[in-house]
Each structure stands twice: as structure tokens, then as C-alpha cells.
Amino acid sequence: MTLLADALTREHHEIDGGIEEFVTSLRSDDGAPPETAPLTRAMDALRRHIYLEEDILFPWLAGPSLAMPLMVMYREHGQIWRAMDTLELFLATEAQGGAHRDMVVGHCQDLLDLLEKHNSKEEPIIYPHADADLPPAAHEVLHEFLETGELPDGWVCREANS
Ligand SMILES: [Fe+2]
Ligand SMILES: [Fe+2]
């Protein structure tokens with residue numbers, strides 16, 4: 001079975017890739033409207049990824065040894081969530097021809113920077129515990145969610161509004 005750390009890290013890369021693809025299409029000067037699908041796909045995947053972490057993975061890892069790093073992860077998810085909300089707002093304005101593309105690119109870059117800061121801690125500090133510390137039943141639940149799980153309607157991360 002694939003390591004959870006590998007599967008979750010792959011999701012990080014796919015999400016980054018979708019945002020970068022959108023930025024590239026936004027920067028191209030061919031006059032065509034930007035292709036937003038890669039970005040909306042990436043943001044949907046990112047929200048689902050954060051749900052998996054906060055609702056399934058992190059509770060299994062809760063305990064004194066990871067309390068501090070998990071607190072940081074929850075806080076950064078909140079920042080990432082708000083950055084996505086802002087970006088969506090700008091996308092809606094851009095669709096009406098109102099927002100400057102440079103600003104949308106800037107908001108994408110902000111999101112990529114937050115993700116880099118977050119993932120560069122989460123991958124080495126949290127994910128190894130997913131494979132080492134979780135009981136087989138939890139592995140099964142996580143792998144199943146990775147395959148077919150969906151973000152519940154209306155779910156927001158714990159610190160989305162703090
Ligand atoms: Fe995370
Ligand atoms: Fe993650």
C-alpha cells in the first residue's frame with residue numbers, strides 16, 4: 001500500500017501545479033481569457049485535503065508530542081483558507097473584467113507562499129507520524145478518503161475565521 005506520507009505529499013504537488021498552471025496562463029499575453037479550471041480544481045482539492053487532515057488525520061495524531069506542531073498546522077490552514085476566499089473574490093471580479101491581472105497573480109503567489117511555508121513543515125514533521133503511529137483501521141479510512149472522499153457541503157476549517 002502507498003505510504004500515506006507519499007500520497008499526501010503528491011496532493012501538495014498537484015495542488016501547487018494547478019495554481020502555477022493558472023498563473024502561467026494569466027501571464028501569457030495572448031489576449032485570451034485565462035483558463036480558470038486548473039485553479040478552481042486546485043482549490044477544491046486543497047479544501048478537501050485540509051478537511052482530510054483536520055477531520056481524519058490530525059485527531060489520530062493528537063497527543064502531547066505533536067500538540068505544538070499541530071496547533072501551527074491548524075493556524076496555517078486558517079490563513080490558507082482565507083487566502084483562497086480572497087482569491088475567489090478576485091477571480092469573480094476578474095471574470096467581470098474588473099480586477100487587474102497583476103493583482104490576481106499576486107494573490108495566487110501569496111497562496112503559493114503560504115503553501116510552501118506550510119508544506120515544508122507538514123511533510124517532514126507531521127506526515128511521517130501518519131505512517132508510523134496510526135492503527136491499520138485509520139490507514140484504511142484515510143486511503144479510502146484519498147480515493148473517493150468528498151468535502152462535506154459547507155465545511156470550513158477550524159481557524160477559517162480567526
Ligand atoms: Fe495541512
Ligand atoms: Fe497537507
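When a ligand or atom number is given, it counts from 1 through the structure's own listing order. Start at 1 with the first residue, then count along the sequence.
Screening Glu54, Glu147, Glu11, Glu14 against Arg48 for a salt bridge (Lys or Arg N to Asp or Glu O under 4.0 Å) leaves a single residue, Glu11.
Counting just the N/O/S atoms of Glu122, the one with the shortest distance to the Fe ion (ligand 1) is named OE2. Taking the Fe ion (ligand 1) as reference, His77 places its N/O/S atom NE2 nearest. When the Fe ion (ligand 1) is compared with the N/O/S atoms of Glu53, atom OE1 turns out nearest. Taking the Fe ion (ligand 2) as reference, the nearest N/O/S atom within His49 carries the name NE2.
Centred on the Fe ion (ligand 2), the angle running from Tyr127 (OH) to His12 (NE2) is recorded as 80°, rounding to 10°.
For the Fe ion (ligand 2), the N/O/S atoms of His118 include none lying under 2.8 Å. Asn119 lies apart from the Fe ion (ligand 2) in this respect, since none of its N, O or S atoms is found at a distance under 2.8 Å.
To the nearest 0.5 Å, atom CG of residue Asp110 and atom CZ of residue Arg82 are 13.0 Å apart.
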Note to self: Leu115 vs Leu46, test: side chain to side chain contact (heavy atoms under 4.5 Å, CB included). Steps then yes/no.
What the structure shows: CA-CA 10 Å; Leu115 288 170; Leu46 181 49; 3.9 Å; yes
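In this structure, the side chains of Leu8 and Leu146 come closer than 4.5 Å at one or more pairs of heavy atoms.
Residues Leu57 and Val72 share a hydrophobic cluster, clusters being chains of Ile/Leu/Val/Met/Phe/Trp/Tyr side chains in contact below 4.5 Å.
At a cut-off of 3.5 Å, with distance as the only test, no side-chain donor of His118 or Gln79 sits close to an acceptor on the other residue.
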